[in-house]
Structures are given as structure tokens and as C-alpha cells.
Amino acid sequence: MILAVTMNPSVDISYPVDRFKFDDVNRVETVRKTAGGKGLNVARVIAQMEEEVLSTGVLGGTIGDYIVQELNQSNIPNDFLKIKNESRNCIAIIHEGMQTEILESGPTLSKEEGTAFLEKFEGLLTTASLVTISGSLPKGLPTHYYRKMVEISRNKGKPVIVDSSGESLKQVLIHEKKPFAIKPNTAELSQLLGFKAEAGIMDLKQMLNHEIFKGIEWLVVSMGDKGAFVRHGDDYYQVTIPKIEVVNPVGSGDATVAGLAVALNRNQAVESVLKTAMTTGMLNTIEAVTGFIDINKFKQYFDLVKVEKID
Ligand code: ADP
């Protein structure tokens, strides 16, 4: 079973309006509410790939209840720690071809809640074969919280894929107990290294050779429509994808993490792992719903992904 962690889930609300009026009333006819947060997208796509998954993290209040209800309706097994404060809403106003977002920062966790989740997490690891950790940390938890989760997992011999950014990712990387895989996009890679990653193959190779990445088995740098650049052990790969009709690219990185997790969990060969991760990313972009894939289209897209080993 893959354990998919979301520490700051949300109810994502989409408000489509023809024209967004400032300092005035905007009426919305069709409201769409979905359980959101990067880790929930990962869990959903893993479930759509028919792999066993358990979604965990922390949530609270009626918004938390709504998230659980949504997950149950989608048949996604879940086991979250209930916290005192209310989980967050994230609002996207879709107007005139644009998307204006209002994102709540979410609840603040107490120290006790932070400790309680680590205990719960350790318990859930018993039946897990692989872990994914996605997204931002909620307020109240230290930036080295993910590092602790990776350490606990590693001590139990469970590989972890971390898809986070900023300080919490940095903290994970500088620790001696390394994650099994990370999946930064180019912007996150630049932020991590402190310089721009708009680079050719040789530069990317050099970047992924950085001291900070030592000991990480899989470094998958996703590059949107350009596919991905990957380091696996001491080998480098360029993965290219076909030109496709994009409907909604939001959540593609999460779908990529889901594909990566499933393929690694199934012990697939390198080429197949990378093709799977790219395929799930692409399949997400061709759907309107965020963090959703049509598995029936998998083979068609999988066959179009090219993996080239770089010397
Ligand atoms: P993130 O969502 O984390 O920023 P990316 O934008 O790199 O991640 O997207 C992850 C993966 O999803 C890509 O590697 C690719 O497989 C697929 N993808 C994303 N955007 C596009 C696009 N415009 N066209 C084709 N595939 C895409």
C-alpha cells in the first residue's frame, strides 16, 4: 500500500464568472467544490491507477469533514488525524480567461498535534510499502517536520518520495537520512540551488550532481511540456513527451508523483518508471478536473514517451 501524506489539505472551490467585478457583487451560478491539496491529488491518481493507497495527514472542522466525505465518495481509503482548528478553503475565481486565486494559509497546529501525527504516521507505516509526502507544511510545525517523517520512514525501511519546496525540502535534503526520490519542477530546482535552472542538458547534469542531492536514488526534474530530466543513481536521462492538447495543467506534478510512486512500488525498470510518471502527468493535463486521469488512455500516451540515456 502507498501511504500518501497531505499535511495541509483544502476544499478547493471554483467560482466561474463571465466578468469579475471589483468592489461590487459577483454572483456565481455553478460552484464546484473538491477535496484538494497536492497529496490528495496524488492519492486520487494512485487509486485511478488501481494501486492500493491510503490517504493521511491532518484535518479539522466541518471543512475537514467535507474532505473525508469526498474521499469516501471517491473510494479513496483515508485515515487522517483530527485537529482542533478548521482546515482551509482555497478559492479560484475563473474569469475572462484568467484565474484569480484566494488561498487560505490553513490551520495552525499545536505542538501536541504535531507529535500525535508523527505517532500516527509511524503506525500507518507498518502496512505501507512506499510513502509520498506532498505540499506545504501547516503553520505551527517546524520546517524540519518532513525531515523527521523521512527519518521515521527510513528507519522502518520504507522509501519516501518528497514533493515539497523551499525550506522544508531543503531540510529534508541536508539530513543524512535521504528521501528515495524527489520531484522538483525547474522553478523549485532553481529556488533550491539559488540559481536559474533554465539550462541545457550539461547544466542540468551539473545541477543534479550538486552535493545536496547525494544519496537520493531518483531526482526527477519535471519540465512541463518539455518532459523531464532525471538522475537515477549515477545515470542521467532525458525524457521527452509528445505535443498534446492541454486542458488544465494544474496538478500535473502531483499526477507525475503518483505515476512515479506506482511504478516504483511495482518495481518497474527505469525506462518504464519514467514513462509511467510522464504519462500520468500528461493524462492530468488533458482533463478539466485537477488531479484526475483517465486510465483508459494510459497505453496510448505511454507509447509516445521517449527516454534517452545521457552520457
Ligand atoms: P508541476 O505541476 O509540479 O509544476 P510540471 O509542470 O513539470 O510539474 O508537470 C509535470 C508533468 O506533467 C510534466 O513532466 C509532463 O509530463 C506533464 N505536463 C505538464 N504540463 C504539460 C504540458 N503543457 N504539455 C504536456 N505535458 C505536460
Side-chain angles (χ1 to χ4, degrees), residues 4 6 8 10 12 36-46 48-49 90 92 97 99 101 103 132-136 161-166 168-169 179 181-192 196-199 201 204 207-208 218-232 236-264 270-295 297-308:
T6 319
N8 205 0
S10 57
D12 291 348
K38 288 167 71 67
L40 295 194
N41 295 336
V42 173
R44 199 176 304 117
V45 175
I46 291 175
Q48 281 158 354
M49 292 184 79
C90 289
Q99 181 158 326
E101 297 189 19
L103 307 180
T132 64
I133 300 176
S134 308
S136 60
I161 303 176
V162 177
D163 183 16
S164 185
S165 54
S168 57
L169 176 59
I182 59 170
K183 191 227 67 71
N185 58 27
T186 38
E188 286 157 354
L189 182 67
S190 307
Q191 190 194 25
L192 200 60
K196 212 152 172 36
E198 214 172 283
I201 289 172
L204 278 164
M207 282 179 194
L208 298 191
W218 291 88
L219 294 164
V220 179
V221 181
S222 67
M223 306 191 299
D225 63 356
K226 293 188 192 67
F229 191 80
V230 179
R231 197 186 108 191
H232 170 49
Y236 294 83
Y237 299 88
Q238 183 163 32
V239 193
T240 44
I241 56 177
K243 202 155 182 51
I244 55 173
E245 199 68 46
V246 173
V247 178
N248 172 20
V250 181
S252 304
D254 305 332
T256 300
V257 168
L260 185 64
V262 169
L264 291 174
V270 175
E271 187 175 344
S272 185
V273 167
L274 299 179
K275 286 173 83 166
T276 301
M278 287 299 96
T279 304
T280 46
M282 281 191 288
L283 290 180
N284 177 78
T285 69
I286 58 171
E287 300 291 332
V289 181
T290 297
F292 181 94
I293 63 163
D294 178 355
I295 197 67
K297 296 182 179 153
F298 187 88
K299 180 148 188 344
Q300 179 195 341
Y301 284 82
F302 182 90
D303 289 343
L304 297 170
V305 182
K306 299 232 164 357
V307 177
E308 190 194 345

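Ligands are counted one by one from 1 in listed order, and the atoms in each one are counted from 1 as well. Everything numeric in this text was worked out from a predicted model, so none of it was measured.
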Worksheet item: Any idea which protein heavy atom is nearest atom 18 (N) of ligand 1, and the distance to it?
Response: Thr285 CG2, 3.6 Å
Worksheet item: Quick one: nearest non-hydrogen protein atom to atom 4 (O) of ligand 1, plus distance?
Response: Asn185 ND2, 2.8 Å
Discussion item. Looking at ligand 1, would Lys183 count as a contact under a 4.0 Å heavy-atom criterion?
Written reply: yes
Worksheet entry | Donor-acceptor contact present, side-chain Ser134 to main-chain Lys38, <3.5 Å | no
Discussion item. Under 3.5 Å between any N/O of Gly253 and any N/O of ligand 1: does that happen in this structure?
Written reply: yes
Item to complete: Would you mind reporting whether Leu219 and Phe229 have side-chain heavy atoms less than 4.5 Å apart?
Response: no
Practice prompt. Just need the protein heavy atom nearest to atom 23 (N) of ligand 1, so name the residue and atom and give the distance.
Written response: Val246 CG2, 3.4 Å
Fill in: Any N/O pair Ile244/ligand 1 closer than 3.5 Å
no
Worksheet item: Of all the non-hydrogen atoms in the protein, which one sits nearest to atom 11 (C) of ligand 1, and at what distance?
Response: Thr256 OG1, 3.2 Å
Practice prompt. Mark yes or no for whether Asn284, through its side chain, and Val250, through its backbone, hold a donor-acceptor pair below 3.5 Å.
Written response: yes
Discussion item. Between Thr132 and Asp163, do the side chains contain a donor N or O and an acceptor N or O under 3.5 Å apart?
Written reply: no
Worksheet entry | For atom 9 (O) of ligand 1, closest protein heavy-atom neighbour | Ser252 CB, 3.7 Å
Worksheet item: What protein heavy atom sits nearest atom 17 (C) of ligand 1, and how far off is it?
Response: Gly281 C, 3.6 Å
Discussion item. Test your reading of the model: is there a side-chain donor-acceptor pair from Gln48 to the backbone of Ile293, 3.5 Å cut-off?
Written reply: yes
Fill in: Euclidean distance, Lys226 NZ relative to Thr186 OG1, rounded to 0.5 Å
7.5 Å
Fill in: Mode of Ile241 contact toward ligand 1 - side chain, backbone, both, neither (heavy atoms, under 4.0 Å)
side chain
Discussion item. Regarding atom 5 (P) of ligand 1: of the candidates Pro184, Ser222, Gly227, Pro242, which has the closest heavy atom?
Written reply: Ser222
Worksheet item: Under the 3.5 angstrom rule, does the side chain of Ser164 hit a backbone N or O of Gly135 as a donor-acceptor pair?
Response: yes
Item to complete: Could you tell me whether Gly224 and ligand 1 have an N or O pair separated by under 3.5 Å?
Response: yes
Worksheet item: What heavy-atom pair brings Asp225 and Ile241 nearest, and what distance separates the two atoms?
Response: O-CG1, 3.5 Å
